[in-house]
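Fair warning: this is a prediction, and the values are worked out from it, not measured in the lab. In this chain, numbering begins with 1 at the start of the sequence shown.
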Amino acid sequence: MKKNILLLLILLSSVARAQIRADLSKLQKQNGATVVQQGPNLVVTWPAQGREQGRLVLSLDGQKPLFNSLQVTQGGKFQEVARALDPAFVLTIGKRDLISQNGWNIFFDKTNRLPHKSYAVALNKRKASAQTVGSRTVIRVSEVQAATFSGELEITVYSGSPLFNVAAVMATEVDSTAILYDAGMVTREPVWKNIAWSDTDDKLQQIPARLDEPNKAQAVKYRTIIGVGERGSLAVFPAPHQYFYPLDEAFNLDFTWYGAGYRSLVPQFGIGIRQDLMGDRRWVPWVNAPPRTRQRLNFFCLLSPGEPAQALAEVKQFTHNDKYPTIAGYKTLSSHFHNEFTMNVVLANKPIPEKPAFVDVFKNSGVDIVHLAEFHGPGHPKGPDDQRLRELKALFEQCERLSTKDFLLLPGEEPNNFFGGHWLEFFPKPVYWIMSRKPEMPFVTDDPRYGKVYRVADKNDMLKLLQLENGLAWTAHARTKGSTGYPDLYKEEEFFKSDHFFGAAWKNIPADLSEPRLSRRVLDLMDDMANWGHKKHVIAETDIFTMEPENETYAHLNVNYLQLDKLPDYKQGWQPVLDVMKQGKFFVTTGEVLFPAFSVSGKGAGETVRLPDNGKTTIRLDVDWTFPLTFAEIISGDGKNVFRERIDLTQTRPFGKQQFTFNTQLKGRKWVRVEVWDAAVNGAFTQQVWLE
């Protein structure tokens with residue numbers, strides 16, 4: 001009797017597995033992809049590059065690997081790149097400090113040193129569905145769970161590329177939660193012949209794949225690790241910017257892994273991406289996970305029928321080889337670097353290299369203009385006078401020496417005095433100034449060695465200096481870090497209302513994997529400042545301390561494309577750079593989305609346009625992109641409210657160029673700007689056009 005019952009249970013379990021029927025009712029035909037259920041398998045086929053195709057055979061059998069087969073065509077014939085793979089996720093759950101500082105916008109949090117625990121994410125195949133979303137096809141398998149987090153697995157294939165994304169989309173009800181995740185593809189079978197990656201010297205490395213190889217964290221360039229089979233390669237890599245939570249350093253912290261027994265939580269052999277729980281050992285805020293937000297723990301995969309060098313070359317195209325491309329009529333500017341080369345090398349009696357390594361890092365990244373933030377800790381900003389002036393002279397000399405006709409290294413500081421919070425200054429030429437003045441001392445003197453020297457006692461002196469020397473100032477890391485509460489707390493001050501107070505700076509703080517954009521904190525401030533009635537702007541900032549060749553620099557970089565035909569000569573000053581910034585004639589980008597042209601009724605960023613009485617307006621935006629786009633958003637304001645009009649762009653395919661024309665209604669509005677974001681949460685945004 002017992003034996004019969006056991007057989008019946010086994011039979012019922014087998015039937016239950018076979019009875020999982022995927023809901024295919026939301027599929028459409030326009031993107032060329034097909035999803036067909038064949039017994040326990042879902043067969044997903046989509047157009048890849050040219051006439052080639054990609055194919056995933058997904059098993060809904062709970063006892064078998066999810067990725068039964070991964071295939072791509074070569075010359076029209078399918079070949080299997082890999083088989084018998086499961087996605088693997090490790091979720092680390094910690095505690096967010098929401099009390100001591102500024103809630104979810106906190107940066108100064110050492111989450112890594114507070115109690116935390118890591119969990120393997122479990123996949124239970126209970127139901128499945130497929131849906132067409134523009135050029136994408138999304139397959140969902142429920143459910144995934146780890147501790148208090150639960151949700152579903154999403155696999156997204158992108159028509160036009162052998163690219164797909166795997167995401168555990170999970171939420172928790174628990175408040176004050178911070179997370180990190182590691183992920184990858186694992187197997188119990190000898191799927192791979194070799195494991196390959198580019199080392200930090202940009203040289204391809206390969207080792208044999210052995211199922212009993214203990215897991216190892218591996219430093220790589222381009223954030224990519226590759227499984228190499230007999231008939232192709234599978235590249236695994238993260239979203240190039242979103243995956244990396246904010247730190248003070250861009251150290252390469254071994255962001256990939258391979259081997260068996262990963263973190264003693266994933267027993268199978270695998271390859272994947274990872275985060276170091278300790279970060280850069282400074283402030284380590286991890287990633288926000290507010291209650292009920294759908295956190296996308298995700299990674300990308302690219303199928304290639306060729307050798308790993310070919311697969312890596314195709315991955316690198318998504319980030320222009322980790323380089324900001326040249327656009328005619330524009331020059332790239334990156335700001336806020338605490339290299340401290342002046343104090344740590346030049347004035348430390350160390351050998352001064354003919355060309356420091358950081359110069360090549362910037363040049364190789366496609367950055368034309370670098371705005372420094374020196375003496376942020378080291379140095380003597382408040383004097384004694386002789387030391388301060390000597391330090392400035394050394395800074396100016398090195399900037400001049402290292403600047404060329406195609407690269408400008410420009411002096412700047414993060415003074416943190418006078419105005420409140422942290423802010424950056426930017427003068428159009430070398431300016432000698434000391435951040436203190438006794439009552440009996442004059443504001444400006446002529447020094448026989450240094451020429452004009454300013455001494456600043458307070459915010460009024462500082463504004464006067466900016467006016468006299470035609471400089472700019474702006475809030476660094478607004479509303480977080482040392483600028484918590486700013487610029488809001490000084491928005492009525494004369495210095496803020498001045499044309500010489502430029503606005504604020506943008507960086508991805510905090511990280512939040514549920515957001516479709518990066519750093520909403522500053523984008524919201526951008527809109528608030530415009531509604532305050534001030535023509536302020538937002539510039540991209542990087543805010544890191546070292547720039548070494550082995551660092552994971554690109555993940556933390558962002559740039560400003562300034563409307564400049566050529567770089568100024570250092571010796572003649574760089575006023576044209578500040579002029580373009582002050583006029584708002586630039587756009588900000590992570591690099592994958594570019595705006596060669598933008599206009600509102602014929603007027604460009606920073607300009608003013610008179611609206612017709614009916615408020616009907618035409619916005620034209622030229623966009624170049626790599627990852628397929630997700631949406632554009634037209635943001636406008638009337639002085640009190642912010643209005644958002646989202647335009648779905650999921651119909652776009654990877655690697656496109658297009659002029660978009662948006663006809664919109666802006667009656668009663670005082671300003672408008674545009675953002676565009678892609679499938680990897682890379683993006684770009686314009687500055688405002690002012691409306692009358």
Open item on the list: Could you check whether Arg55 makes a cation-pi contact with Phe78, meaning its NZ or CZ is under 6.0 Å from the centre of the six-membered ring and within 45° of the ring axis?
Closed with: yes

TODO: Salt-bridge test for Asp182 and Arg263: reply yes if a basic N is under 4.0 Å from a carboxylate O, no otherwise.
DONE: yes

Open item on the list: Ring-plane angle category for Tyr561 and Tyr330, please: parallel below 30°, perpendicular beyond 60°, tilted otherwise.
Closed with: perpendicular

Task: Expected output: side-chain Thr156 to main-chain Phe164 donor-acceptor under 3.5 Å - done: no

Task: Ion pair check, Arg296 and Glu154, cut-off under 4.0 Å - done: yes

Task: Min side-chain heavy-atom separation Asn31-Thr132 under 4.5 Å - done: yes

Task: Test item: Thr652 side-chain N/O and Pro628 main-chain N/O as donor-acceptor pair under 3.5 Å - done: no

Open item on the list: Between Asn252 (side chain only) and Val220 (backbone N and O only), is there a donor and an acceptor less than 3.5 Å apart?
Closed with: yes

Task: Backbone N/O of Thr650 and side chain of Ser135: donor-acceptor pair under 3.5 Å - done: yes

Open item on the list: Going by side-chain hydrogen bond (donor to acceptor under 3.5 Å, both in side chains), name the residues that satisfy it together with Glu314, two or more places apart in sequence or in a different chain.
Closed with: Gln310

- [ ] Please name all residues satisfying ring pair (Phe, Tyr, Trp, His ring centres under 6.0 Å) with Trp192, sequence neighbours left out, ordered by chain then number.
- [x] none

TODO: For Leu123 and Val141, run side chain to side chain contact (heavy atoms under 4.5 Å, CB included): C-alpha distance rounded to whole Å, both residues' side-chain angles, the deciding distance at 0.1 Å, then the answer.
DONE: CA-CA 8 Å; Leu123 169 62; Val141 181; 4.1 Å; yes

- [ ] With sequence neighbours left out, write down each residue that passes ring pair (Phe, Tyr, Trp, His ring centres under 6.0 Å) with Tyr243, or none if nothing qualifies.
- [x] Tyr181

TODO: May I ask you to decide if the ring planes of His116 and Trp286 are parallel, tilted or perpendicular, using 30° and 60° as cut-offs?
DONE: perpendicular

Open item on the list: Quick one, His338 and His376 - any side-chain contact, counting heavy atoms below 4.5 Å?
Closed with: yes

Task: Note: Glu552-Arg223 ion pair, threshold 4.0 Å (strictly below) - done: yes

Task: side chain to side chain contact (heavy atoms under 4.5 Å, CB included) partner of Leu85, chosen from Val166, Ile271, Asn68, Leu70 - done: Leu70

